[in-house]
> 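Following this message is one structure expressed as structure tokens.
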Amino acid sequence: MISVRGLEKVYVSGGRPLPVLRGIDLDIADGEMVAVVGPSGSGKTTLLGLLAGLDQPTSGSVRVDGTELFELDEDARARFRARNVGFVFQSFHLLPALTALDNVRVPLELLGEGGAQGEARARALLERVGLGERTDHYPSQLSGGEQQRVAVARAFVGRPRILFADEPTGNLDRATGERIVTLLEELNREAETTLVLVTHDLDLAARAARTIRLADGALVR
Amino acid sequence: MIRFLSTREARSALPRMGPYMLSISLGVAALVSIHSFRQDVARSVTDEAQVLMGADVRLSGGSPLGDTLRRAVDSLRTAGHPSGSVTSAVSMARNVTTDDVRLVQLRAVEGGWPFYGRVDTRPEGVWSRIAEPGGVLVDEALLTQIGAEPGDSLAIGSGTFAILGVVREIPTEVGLQTAVGPRVWMSASDLEAADVVGFGSLARYATYVVMPDASDRSALEADWSDEMSAASVEFATAVREARDLTEAVGFLGRYLSLVGLAALLLGGVGVGSAIRVFVNERLRSVAMLRCLGASQNQVFAVYLLQAAALGTLGAIVGAIGGVALQQALPHLLSNLLPVAIEPRVAPATIAAGIGVGVWVTAVFALLPLLAVRQVPPLRALRVDAVSAGGSRFLRAAAVALLALSIVGTSVVEAPSAMDGVIFAVALVVVVGVLWVAALAGVRIARSILPDQAPWSVRQGVSSLFRPGNQTVAVVLALGFGTFVLGVVGSVQANLAASLAIDASEARANLLLFDVQTDQVAGVEALFPDSVRATVEATALVPSRIVAVAGVERSAMDSLRWDDRPAPWAVAREYRNSWRDELGPGEELVAGAWWPDAPGVDDGVVRVSLEEEVAADLRVGVGDRLAWEVGGIRIESEITSLRRVDWTRFETNFFALFEPGSLDGLPTTWVLLGRGGEIEARSELQGRIVRAFPNVSMVDLGRIQDAVDRILASVDRAIRFLAVFAAVAGLLVLAGALAVTRGERLREAALLRTLGTDRSRLLTILGVEYSLLGVLSVLVGLGLATTASWLVVTRLFELEFAFGFGRQALLAGGVLVLTLGTGWLGSRDLLSNPPLRVLREGE
Ligand SMILES: Nc1ncnc2c1ncn2[C@@H]1O[C@H](COP(=O)(O)OP(=O)(O)O)[C@@H](O)[C@H]1O
Ligand SMILES: [Mg+2]
């Protein structure tokens, strides 16, 4: 259960304060699939980053299962992410020096579950996203859609309790995007993961149980 | 369009390419400063040539001028060419009040020398008073060494002299000449009164002539050359001596400029790899430009222009630095230089330096820039569009141009064309080995890394394979820097070790000469009982060659060129000796040693020659040599040849006679002994000089100090430049980091997002840099050891010592620098919020 209270984020740019989030209150239940929509620049990525503890808020709190994220130090938050959180980004963000298989194995390695079992699980997930034949390929040898499927496999491999996806289809054509979201949905259902999906595609958002609308740094009901 | 784009893009490229450009600057700075400095030295020395000699011409030799030459000089004087003379001898000087003694160099001056320049004395203007009988001027150092002051009395030989004042500066005499001992300036008649120039003493007689016109000088040399060579008189002109002096500095300078060139080329390698990454990042823009209708040549020109512009900027910065350094070099090399060097800005040298800098930048940028030509316009639409195959011809042309440029610049900078080619080849070998080692090393590291190794270690190793990785550039930079420092340090240490006279107890540290035959026992008796056994007395029989293999000296000119003995070997003054047994540094290479040596006719004595002088005299075992000793002609037959290790600290001789065969001939003795610590040594010297005023002593410990000071000066210059190469290496390293910064930031942010904590990120970075560092250090040191071994054993023909401690220090230093630079360049990887970086990637 994620619970957000009074979350504010003010960037200072050019010496002037720029409020991006103006007091967000929000609860997301375990296993829920939530879509966050809103125009570009409305603060969706900022919110997602704060939910995952990737940045410090100006004020407010984010509790995950009762743990206040911003009372942890940077390393504790990193360990928290390794154990609990998976990510899918708009621009894939794979490690270019690693093969598809090794990219998928990274989260397991961080959990100390590398080994043969981990490798088998990584392979199985690559199989599951339809890339069983491409395990030894490097990101540069994969198309955008394929890279994003590797990213999806990586996001799920550590059995995260929460999965954040920031416009995962933004760089893909419609059909490929469809496929990715379907994958996310299926895996989400199988693993009972909480899924927070940022998108500005309202059709995609409609597939979520709940849609949160952001405008100008505030929630719109 | 080309100008518009190149200027816009260059602005964004500057911050990232800056460090690389600075390494170009370093190379240019080194070249500009060294070349300017060489010109400064040449100009200053030539300007000062007459002052350095004190005249225009010098006739000098081991005995006073003979009558014919004497008369010739006298007639020149009446023809308007003033002349004077300086007789030099060594002797002991004793402070009459304190009894302190010191070996001094006597300079008996006559006839108004020096004719050029002025002698700075204290009190001012007392130089002319040395003509007064009984009055001398001394070097400042003597006063402190024997605790004297102007006005005190000095006992020299059998005379006593008043110190009139101090010679603070006399522009003549340079280098090691003053290392033997402080000088005492006196008149010729005082020298006679002191009576120290006895038989066998090492006096030199020089006659100086004012003759500013070059044609007069050549006429003088030509007219009297026969007389001079017959009398072993050396003819020297101020101009020629000045040229010789600058040649030595120029030679050192040329070697130093090679180090500068190495720094520059290293910068070039850095530029090449930076351009490669830069181009990779710009592929999209290039594709876009091509879509908009730019031609292959236009986009190529846009980027080549940028590289050249950055190179020009770097070279200009370097030239400014070089001019600044030029002002500093005279101070650095002050012990080596005979005259004050006045730095002068040399526009041509600066222009040449900038030119070389820009050229090196452009040539090294060429190969990676060719990739720009091959970017397909489709790339703008699809990232995975494949590059068109490049033109092989263009690539081959670029490689050829690069190779030509390296060889060309090396040949221009090196002391000789051959050295240049060797340098270029060595450079290519070093770079090639490092290159291969970089590629192979990381691959080997990856393949032998066990799967069970911690993930962060494995991740660190695979970071070396990231796209646009700078593995090769970093290993080249670090390895090359290590190589240069390693070679310089190792060669330096090995040379210094071979030049050092071991001052420890086991070695003799006191050299006594001019000891007469009847004084040897008396002098030995003055040594304390404990060390008397160490005193070794060696006879010296001053001799001249009068005939070689039956040919008299006067008849040698008619011999065929390749049969004619080398003039130096015939004309030199030999100080021969006799010996029972071969010395430890000697080895018989032909004939037999006495008593087994071949028998000879009556009236002929047996002699053993050193092999090289025998070769120059064109003689071998069985040939005869005739000598003149104190007016007596001695016939000798060569019965053996010896190889002598001259680097050993022992008295050795070109010609050794059979013991007994020179008995009764005029002989002086050299005694070599241990005088203990410096105080005991001084006290002993005092006792000896009071008992035997004619005996001279050299305190070898003090000489070693003087040699050390000069070596230190050369050492400073070389180290100074080695530091250049090393800093250039560091800059390339920093540049490699700057170029891969974006990629690193993104990776670190991603890893942190996925849950990597600080310590693991640090491990990853640590593994990456340690691997690069260890690889570079191992290969760099390996190459350095090979190269310095070659230089030391082949070029200098000395023993090679590895110097484990020094190498370990260097290795440790480079590793610390690598990890330090890596850590400094990565601090913000750990502190930036990951979100910002991930957002930038969108
Ligand atoms: N580091 C930053 N400094 C200043 N402003 C920022 C920074 N990061 C984001 N912003 C601003 O915050 C606003 C919200 O950004 P973002 O959360 O990325 O919006 P969205 O994801 O909804 O498009 C934007 O106006 C953006 O310009
Ligand atoms: Mg966004």
Side-chain angles (χ1 to χ4, degrees), chain A residues 11 45-46 48-50 52-56 73-87 89-99 102-103 105-116 118-119 138-144 147 154-155 158 160 164 166-167 170-171, chain B residues 280 283 381-386 442 446 450-469 471 740 742-764 768 829-842:
Chain A
Y11 283 114
T45 299
T46 308
L48 202 69
L50 290 173
L54 293 179
D55 204 355
Q56 289 276 358
D73 66 11
E74 181 51 47
D75 276 353
R77 282 207 298 275
R79 280 192 293 278
F80 164 81
R81 284 196 294 273
R83 240 175 286 122
N84 301 304
V85 179
F87 279 96
F89 305 94
Q90 178 175 352
S91 43
F92 328 139
H93 287 314
L94 298 178
L95 288 167
L98 301 187
T99 60
D102 286 342
N103 261 294
R105 284 170 69 180
V106 169
L108 293 177
E109 297 281 2
L110 288 172
L111 290 170
E113 295 169 11
E119 187 181 330
Y138 288 89
S140 59
Q141 298 166 312
L142 300 172
S143 74
Q147 288 190 47
R154 179 179 68 186
F164 295 110
D166 189 5
E167 308 205 19
N171 274 351
Chain B
N280 269 333
L283 290 182
L381 308 176
R382 284 175 53 85
V383 192
D384 33 11
V386 198
V442 289
R446 182 159 72 168
D451 282 346
Q452 299 90 305
W455 171 78
S456 25
V457 173
R458 280 181 285 137
Q459 183 62 28
V461 174
S462 45
S463 317
L464 295 170
F465 294 90
R466 74 167 68 83
N469 69 68
T471 303
T740 49
E743 187 56 37
R744 265 161 209 289
L745 266 173
R746 232 159 50 77
E747 260 181 46
L750 180 61
L751 286 171
R752 283 168 68 198
T753 304
L754 295 178
T756 313
D757 54 26
R758 264 179 93 81
S759 68
R760 281 204 250 197
L761 272 181
L762 283 174
T763 313
I764 293 173
E768 182 179 349
L829 302 192
L830 304 170
S831 56
N832 257 340
L835 186 63
R836 180 176 311 167
V837 184
L838 294 179
R839 206 197 293 271
E840 275 164 12
E842 284 174 8

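Residue numbers start from 1 in every chain, and the chains themselves are labelled A, B, ... in the order their sequence lines are given, proteins ahead of strands.
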> Roughly how far apart are A/D102 CG and B/W455 CH2, rounded to 0.5 Å?
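Rounded to the nearest 0.5 Å, the CG-CH2 separation comes out at 10.5 Å.
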
> Does any backbone or side-chain atom of A/Q56 lie under 4.5 Å from a heavy atom of chain B? Answer side chain, backbone, both or neither.
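Neither part.
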
> Checking B/R752 side chain against A/A78 main chain: does a donor-acceptor pair fall under 3.5 Å?
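Answer holds: no.
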
> Rounded at 0.5 Å granularity, tell me how far NE2 in A/H93 sits from OG1 in B/T753.
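The OG1 atom of B/T753 is 8.0 Å from NE2 of A/H93, to the nearest 0.5 Å.
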
> Given heavy-atom pairs under 4.5 angstrom as the criterion, report whether the side chain, backbone, both or neither of B/Q459 touches chain A.
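For B/Q459, side-chain heavy atoms alone lie under 4.5 Å from chain A.
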
> Atom CZ in A/R105, atom CZ in B/R458: separation rounded to 0.5 Å?
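The distance works out to 6.0 Å.
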
> Show the nearest heavy-atom pair for residues B/L751 and A/L110, with the distance to one decimal.
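For B/L751 versus A/L110, the nearest heavy atoms are O-CD1, 4.5 Å.
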
> Any idea which heavy atoms bring A/R81 and B/G755 closest together, and the distance?
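For A/R81 and B/G755, the tightest heavy-atom pair comes out as CB-CA, 4.1 Å.
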
> Between B/L754 and A/R154, is any pair of side-chain heavy atoms under 4.5 Å apart?
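Yes; the side chains approach each other to less than 4.5 Å.
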
> Non-hydrogen atoms of chain B under 4.5 Å away: do they reach the side chain of A/F92, the backbone, both or neither?
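Interface part for A/F92: neither.
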
> Identify which part of A/F164 has an atom lying under 4.5 Å from any heavy atom of chain B, answering side chain, backbone, both or neither.
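It is neither, since no heavy atom gets under 4.5 Å.
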
> Using every non-hydrogen atom in the two residues, find where A/L94 and B/L750 come nearest and quote the distance to one decimal.
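Closest approach of A/L94 to B/L750, heavy atoms only: C-CD2, 4.1 Å.
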
